[in-house]
Structure formats: structure tokens, C-alpha cells
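Notes follow once the structure below has been shown.
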Amino acid sequence: MVVKKDEIRIGMVGYQFMGKMHSHAYRDVPFYFDTDAVPVLQAIAGRQEGAVKEAADRMGWVSYETDWRNLIERDDIDVIDIVTPNHTHADIAIAAAEAGKHIISEKPLALTLEDAKAMHQAVEKNNVVHMICHNYRFAPAVQYAKQLIEENALGRIYHIRANYLQDFIMDPSFPLIWRLKKEVSGTGALGDIGAHSIDLARFLVGEMTEVCGMMETFIDERPLGEMSGGLKASSDSQEYGEVTVDDATAFLARFENGAMGTFEATRFANGNRNKNKFEINGEKGSVRWDMENMNNLDVYFSDAPLGLQGFKTINCTEEAHPYAGAYWPPGHIIGYEHTFINLMYEFVKGISSNRAPEPHFGDGVKNQAVMEAVERSAATKRFEDVHVSFGGS
Ligand code: SOE
């Protein structure tokens with residue numbers, strides 16, 4: 001007999017790169033994981049009717065809306081999933097929370113720390129489940145690094161050095177897409193990719209207390225134009241506009257537990273397509289990870305016999321590695337999209353048990369507080385405290 005499971009009816013706002021990724025992840029959750037409920041692709045929203053209809057058909061959504069507000073008003077929607085540009089996150093999330101919908105939002109949570117706090121207050125006040133999409137936490141190798149740190153296998157943590165390096169906007173004729181406008185994006189490399197490193201550092205090492213940063217914009221003006229899918233964009237416009245966000249940000253950080261951090265987020269690291277990596281050094285050993293080889297975790301333990309000391313590479317595809325057992329036999333590797341499937345699995349479980357899985361909007365606020373302190377520090381050219389408080393703004 002087939003047991004019919006509860007349905008979690010998703011309403012997604014936006015449908016481009018991340019929309020495609022989330023759609024795929026929802027469909028795959030019940031394929032790989034045993035859950036109490038199954039996500040249903042109920043409706044997507046987008047402003048251009050032809051395009052949103054085509055996306056709904058292609059990705060298997062039951063229906064579509066041309067205004068996100070209609071999605072929120074619908075009784076047949078349980079979850080609002082936000083995959084739109086950053087400046088829309090706060091309005092959509094607050095309206096969705098007030099309508100009692102559970103919410104999942106792409107990162108960074110908001111344009112500002114103040115908006116992020118307002119979003120957090122709204123989800124807490126309305127007692128809805130909430131999550132932010134820092135997908136890299138969900139690579140089995142990253143989860144295994146977390147496990148090793150929690151088991152104290154590395155001992156006291158001294159350092160994290162994290163770089164997130166891309167190069168997709170290096171051509172000066174690459175257009176002024178929304179990710180390069182402060183009023184739409186908040187920050188540039190810092191919020192788009194540095195936010196992931198900040199989240200991973202908080203996940204693996206702990207909270208940061210102060211930061212000292214520098215931010216740079218190398219190409220000040222670009223031709224007007226928008227993305228044409230994924231991270232592709234081109235423009236033949238003769239009209240130029242100002243780039244108002246950072247092309248690159250670097251910062252130092254101190255952690256509550258005494259560790260030191262060095263961070264670099266740039267879209268001008270020629271040759272690096274999506275090089276998201278970190279190394280953590282502790283008193284008993286080290287771990288290092290690189291998204292472009294995401295199944296592997298390099299580990300070093302200083303108690304190995306002297307002749308055998310050195311980093312070794314663990315292929316994190318065994319049952320012992322979180323989430324890996326849900327997929328293929330050992331050595332049969334998984335990819336970028338699986339980080340989202342694992343994340344959505346946690347979200348679905350969170351809704352079934354009515355608790356917010358991590359990372360949630362509280363993490364989004366803490367990540368935003370670090371980013372805000374980095375921006376402040378780049379302006380003052382001093383170390384700045386990371387101010388986290390969840391009260392009024
Ligand atoms: C573009 O820089 C982007 O798609 C980011 O927005 C994602 O968060 C990152 O994971 C990959 O690159």
C-alpha cells in the first residue's frame with residue numbers, strides 16, 4: 001500500500017538561477033530522503049507573464065502568478081521561497097510571515113542589518129519556520145569538518161583562512177547587472193560570496209567579535225544590461241552606469257574563542273570560477289576544503305607517526321559522512337545541487353517538526369552584522385566591533 005504523505009505546498013518568488021536550483025532540490029528531496037512530508041511545486045511568481053509561464057511549465061510547477069502578493073494571499077501555499085534580488089527579500093519575507101507562511105530566503109538575508117532584524121522579528125513573532133540558503137554548509141565534507149571540530153579532533157582552533165574567488169565580471173564590458181548596484185544588492189562580492197565564507201566560519205569556528213576590512217571597486221562604470229541566465233550577461237548598450245558595490249573585499253577577524261580569521265571575497269581572481277575554500281588550523285590538526293573538489297576534505301593530525309605526517313585527502317562519500325549515505329555507493333561523487341537537496345531536506349524536516357533548522361534568519365542577522373562591521377571598518381580604516389542584537393533596530 002502506498003502511504004500518502006503530508007504535502008508542503010511551495011510558492012516561489014523568482015525563477016532564474018537559484019529558482020531552478022531550488023525547484024530541482026524540492027523535487028529530489030523525497031527521491032533520496034525519507035521525510036514525513038513531501039514538497040509540492042504549487043506556484044511560482046514573476047512579473048513577466050510569458051517568461052514565468054514558460055518557467056513554470058519547464059520546471060514542473062502547477063501554476064504561476066504575476067505578482068508575489070497574490071502568492072502570499074493564496075490558501076493553498078504553505079511556504080514562500082524567496083529567490084529574487086536582495087532588495088526584495090525584506091518586503092516579501094515580512095508579508096509572508098504575517099500571512100503565517102513558512103519562509104526560506106536566498107542570501108544575503110537583506111540589504112541592511114536593520115532590514116535583516118525586521119525580517120527576523122517578523123518570523124519569530126508569527127511563529128513560522130524560517131531558513132536562509134547557505135548551501136555550502138550542506139556539503140558532506142563540510143559537515144564532516146564540523147563533526148571533527150565538535151569532537152575536538154583539532155583541539156583549540158587558532159586560524160581560519162577563507163577565500164571565495166570568482167572572475168565572471170572581470171571583462172569591463174560585462175554589464176551593470178543587479179548584483180553591481182548597491183540599491184538592489186546591498187554590497188557586491190562581500191554579500192554575494194563573502195557571506196558564504198562568513199557563514200561557514202561562524203558554523204565551523206564560532207562568532208566573530210571584531211573585524212578590520214578593505215573594499216575596492218576596480219571597474220567604476222559599466223554598460224547597462226542584465227543577466228541572461230546563470231551568471232551570463234552581455235550588453236551592446238552605449239549607455240554606462242556607475243558600479244556602486246565592491247568588486248573585492250578582504251578582512252581580518254577575531255573570534256570569541258580567540259581564533260583569528262582572514263577572509264577574501266573577490267570577483268576579480270582571474271581563472272577562479274567558483275573557488276570557495278577554507279583552511280582551519282587547530283592545536284591537534286587542520287582541515288581544508290575547496291568547493292571545486294567538494295567531495296574531498298583534506299585533514300592533518302599531528303599525532304600521526306612522524307614519517308607519516310602530512311595532509312591526507314578523505315573522499316567524503318561514505319555512510320560515516322553526513323548526507324552521503326542518502327546518495328550513491330562510496331566513491332560515486334555528488335555535486336553542487338546536492339548541497340541544496342540536503343538543505344531542503346532540513347527545511348522540510350523543520351516544517352514537519354515546527355522548528356527552524358540552521359542556518360535560520362537569526363544566522364542571517366549575525367552574518368549581516370559581520371558584513372555591516374566590515375563595511376564600517378573599510379570606511380573608518382579601523383577595527384570595528386560586530387554588533388549583534390535581535391531587539392529593535
Ligand atoms: C554568484 O556570485 C553566485 O551565484 C552567488 O550568488 C552564489 O551565492 C554562489 O554560491 C555562487 O555564485
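Just so you know, ligand 1 is whichever comes first in the structure, and atom 1 is the first atom listed for that ligand.
For ligand 1, the atoms sitting less than 4.0 Å from at least one non-hydrogen atom of Ile193 are 2 (O), numbered in the order shown with element in parentheses. Contact atoms of ligand 1 toward Asn274: 11 (C) (distance under 4.0 Å to a heavy atom of the residue). The atoms of ligand 1 that sit less than 4.0 Å from any heavy atom of Phe17 are 4 (O). Within ligand 1, the atoms closer than 4.0 Å to a non-hydrogen atom of Arg179 are 1 (C), 6 (O), numbered from 1 in the order shown. Residue Tyr136 approaches ligand 1 through these ligand atoms, each under 4.0 Å from one of its heavy atoms: 9 (C), 10 (O), 11 (C).
Neither the backbone nor the side chain of Arg267 comes within contact range of ligand 1; no heavy atom lies under 4.0 Å.
The only member of Tyr345, Trp328, Tyr323 that meets ring pair (Phe, Tyr, Trp, His ring centres under 6.0 Å) when paired with Tyr32 is Trp328.
When hydrogens are left out, the protein atom nearest atom 1 (C) of ligand 1 is Asp192 OD2, 3.2 Å; that is the closest non-hydrogen contact. Among all protein heavy atoms, the one lying closest to atom 9 (C) of ligand 1 is Tyr164 OH, 3.4 Å. Among protein heavy atoms, the minimum distance from atom 12 (O) of ligand 1 is reached at Gln166 NE2, 2.9 Å.
Within the 4.0 Å heavy-atom shell around ligand 1 one finds Lys107. Heavy atoms of Glu106 stay at 4.0 angstrom or farther from ligand 1.
His387 and Glu372 form no side-chain donor-acceptor contact under 3.5 Å, judged by distance and modelled atom types alone. Looking only at atom types and distance, the side chain of Asp167 has no donor-acceptor partner in the side chain of Asn272 under 3.5 Å away. In this model, no donor atom of one side chain and acceptor atom of the other lie less than 3.5 Å apart for Asp199 and Tyr136. There is no side-chain donor-acceptor pair under 3.5 Å between Arg58 and Ser23.
Using the six-membered ring where Trp is involved, Tyr327 and His338 have ring planes that are perpendicular, over 60° apart on the 30 and 60° scheme.
With respect to Lys101 and Asp78, no salt bridge is recorded, no charged nitrogen being found less than 4.0 Å from a carboxylate O.
In this structure, the side chains of Asp246 and Glu375 stay at 4.5 Å or more apart for every pair of heavy atoms.
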